[in-house]
Amino acid sequence: MRNKDTFNTLNIVTTAMLSAVAIVLASMLHHLFGWQIGVLFSPMHFPVLLMGILCGPWLGLIGGTLTPVISFLTSGGPQYTTLVPMIFELAMYGFLTGMLRSVFLKNPKTNRFASVIALVLAMIGGRLLNAIVGATIYAIIGEMPFFVALGTKLVGNFTSTWAGILVQLVLIPAILFALQRSGVLVKYLPDSPN
């Protein structure tokens, strides 16, 4: 079973560090290569997904919620219609990766791949929530009808970030494997299968 004390110093510091990495990566990518490349690679998503797996659902939720807010306060972007859906999306990433990992870890058929399954499902769930919140905002401000905006946002959330999805699906399991090989992973995830 996972360590019940997820709000320990290691996890809190790791959450803060991953949040800072997300903010710096996003700022660098957007400033050096432009907004479109930043969206394509989704640099803020990667650390938040990792944060949920390593630090659990509640710190993942907190870190995922605060990261885009702090980024907005320090850099001024993204605009409101992008920021609010992104807050919900990243909060969902952080929460779902931690929560689903625990669920899949309990099943002997899925426990070896619990983190990867949680990662994939969280990426889908977060993008779906982003589309729902974004479509709601567009409908409220009268920019486009809800279902038109929902379809547009949902397709865009996958097609405009395809490179980031690929990078996340490759790098996050690689990082977890490297942490496992080095013996560090057990400090975060004592319940990990060998």
Side-chain angles (χ1 to χ4, degrees), residues 15-16 18-27 29-30 34-104 115 117-169 172:
T15 299
L18 287 170
S19 182
V21 167
I23 293 164
V24 170
L25 272 177
S27 182
L29 212 56
H30 290 308
W35 189 253
Q36 290 297 78
I37 296 295
V39 170
L40 180 64
F41 284 97
S42 308
M44 216 177 276
H45 298 198
F46 172 80
V48 171
L49 288 161
L50 192 58
M51 160 191 320
I53 292 171
L54 292 177
C55 303
W58 299 112
L59 283 171
L61 176 71
I62 293 166
T65 302
L66 293 178
T67 298
V69 173
I70 294 168
S71 179
F72 174 77
L73 293 174
T74 57
S75 70
Q79 63 183 5
Y80 176 77
T81 53
T82 305
L83 173 66
V84 174
M86 190 176 197
I87 291 169
F88 281 89
E89 178 183 19
L90 294 184
M92 180 68 83
Y93 285 165
F95 180 75
L96 279 183
T97 51
M99 192 268 299
L100 290 174
R101 182 191 171 279
S102 295
V103 169
F104 288 113
S115 295
I117 297 167
L119 172 65
V120 170
L121 293 176
M123 290 168 78
I124 294 167
R127 282 175 170 82
L128 179 60
L129 184 58
N130 176 300
I132 292 168
V133 173
T136 303
I137 291 171
Y138 285 136
I140 289 170
I141 63 175
E143 193 164 310
M144 76 177 70
F146 176 80
F147 288 107
V148 173
L150 181 62
T152 303
K153 290 254 329 144
L154 195 53
V155 169
N157 283 349
F158 287 95
T159 59
S160 66
T161 62
W162 65 269
I165 292 169
L166 292 177
V167 168
Q168 293 154 18
L169 288 173
I172 291 175

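None of these values were measured; they are calculated from a predicted model. By convention here, the first residue in the shown sequence is residue 1.
Shown here for P43 and G38, the closest heavy-atom pair between the two residues is CD-O, 3.1 Å. The shortest non-hydrogen separation linking L96 to G125 is CD1-CA, 4.2 Å. Considering every non-hydrogen atom in both L100 and A122, the closest pair reads CD1-N, 4.4 Å. Contact detail for E89 and G126: the closest heavy-atom pair is CG-O, 3.3 Å. Shortest non-hydrogen contact noted between S19 and T67 is OG-OG1, 2.7 Å. Of all non-hydrogen atoms in V148 and T152, the two that sit nearest each other are O-OG1, 2.8 Å.
Two residues are said to be in side-chain contact when any heavy atoms from C-beta on lie closer than 4.5 Å; L29 and L25 fail this criterion. Looking only at side-chain heavy atoms (C-beta outward), T97 and R101 stay at 4.5 Å or farther from each other. Using a 4.5 Å heavy-atom threshold, the side chains of L121 and F104 count as touching. Side-chain contact check for S75 versus H30: every heavy-atom pair is 4.5 Å or farther apart.
Between the OG atom of S42 and the CD1 atom of I37 there is a distance of 11.5 Å, given to the nearest 0.5 Å. Taken from CG in L129 to OH in Y93, the straight-line distance is 10.0 Å, to the nearest 0.5 Å. Note that NE2 of H45 is 4.0 Å distant from CE of M86, once rounded to the nearest 0.5 Å. Here the CG-CZ distance, from L128 to F88, works out to 13.5 Å after rounding to the nearest 0.5 Å. Rounded to the nearest 0.5 angstrom, L169 CG and L119 CG are separated by 5.5 Å.
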Quiz: residues 155-166 side-chain donor-acceptor pairs under 3.5 angstrom, not counting sequence neighbours:
residue, atom, partner, partner atom, Å
N157, ND2, R127, O, 2.9
N157, ND2, N130, OD1, 3.1
N157, ND2, K153, O, 3.4
T159, OG1, V155, O, 3.0
S160, OG, G156, O, 2.4
T161, OG1, R127, NE, 3.4
T161, OG1, R127, NH2, 3.2
T161, OG1, N157, O, 2.6

Kindly list each side-chain donor-acceptor pair under 3.5 angstrom involving residues 47-64, sequence neighbours excluded, with atom names and distances?
none

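By the side-chain hydrogen bond (donor to acceptor under 3.5 Å, both in side chains) test, T65 pairs with no residue at all, sequence neighbours left out.
The residue from V133, T136, L90 that alone fulfils the side chain to side chain contact (heavy atoms under 4.5 Å, CB included) condition with P85 is V133.
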